[in-house]
Amino acid sequence: MFICFEGIDGCGKTTQIKLLEQYLSQLDVRYVLIREPGGTLAGEEIRSILLHKELKLSSETELMLFIAARAQMVREIIRPALDKGELVLADRFMDSSVAYQGAGRMLGMEIVERLNRFAVGETRPDITIYIDVPVLEAVSRMRKDRKNDKIEVESLEFFERVRNGYMKLIEKEKNRYSIVDGTEPVEAVQRKIRKIVAPFLPNDRLNRR
Ligand code: TYD
């Protein structure tokens, strides 16, 4: 089972994944959490290039690096875990490149979708949980978080394009997404996420509680 989380920066994804991890641990469910572009040795090297402040990467380069890290992650970690019947949780996956590089950086959603298909082959998330927060709300959260300098680096219009990119993806493939309203209190959002995930967990674990 492969479950992926998506959303714009400031949507609360990281907090929600942490809470879900607590739930899975309580139930003794084994899982693998992945976070691109790191996670594999090659991915960590790619990540250091992406984060290197002195390298002025073009949007095209940035896209290829995310795609390269993903191709490695799929073969080295995701497929082996899925083959063993393990639960894989992803903090972002292919849709992030479509929304951020395709729509946000305006490279075109279609080309990113093609590159993604090449990179991941048949390996796709079974469910994608999209945590939806309007851009203004997300940006005000990012401003409150002093460690987060994204809003100084990126413009409001950038995040608008990213969110619109996600909306287009969801519109195209409604069945693949579960949308959760991220403006609700943290606990309420978590309850909804657990409800979405629960049917995919081993039955004996759920009955034990
Ligand atoms: P995020 O998971 O929000 O990390 P953090 O909570 O540590 O800020 O994502 C990191 C950034 O990487 C985010 O701005 C989105 C960006 N990103 C892309 O632009 N393209 C991609 O393909 C991926 C996976 C992430």
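All ligand and atom numbering here is 1-based and tracks the order in the structure. Residue numbers count from 1 along this sequence.
- For ligand 1, the protein residues within 4.0 angstrom (heavy atoms only) are D9, K13, T14, R35, E36, F66, R70, D91, R92, S96, S97, Y100, Q101, K150.
- Clustering of Ile, Leu, Val, Met, Phe, Trp and Tyr by side-chain heavy atoms under 4.5 Å joins M106 with none of the others.
- Of the charged side-chain nitrogens involved, none lies within less than 4.0 Å of a carboxylate oxygen, so that E187 and K192 do not count as a salt-bridged pair.
- Not counting sequence neighbours, the partners of K174 by the salt bridge (Lys or Arg N to Asp or Glu O under 4.0 Å) test are E171.
- The two residues R163 and V133 come nearest to each other via the heavy atoms NE-O, 3.4 Å.
- Within the structure, side-chain hydrogen bond (donor to acceptor under 3.5 Å, both in side chains) contacts touching residues 40-54 (residues at least two apart or in different chains) do not occur.
- E36 and R92 are not joined by a salt bridge, as no carboxylate oxygen comes within less than 4.0 angstrom of a charged side-chain nitrogen.
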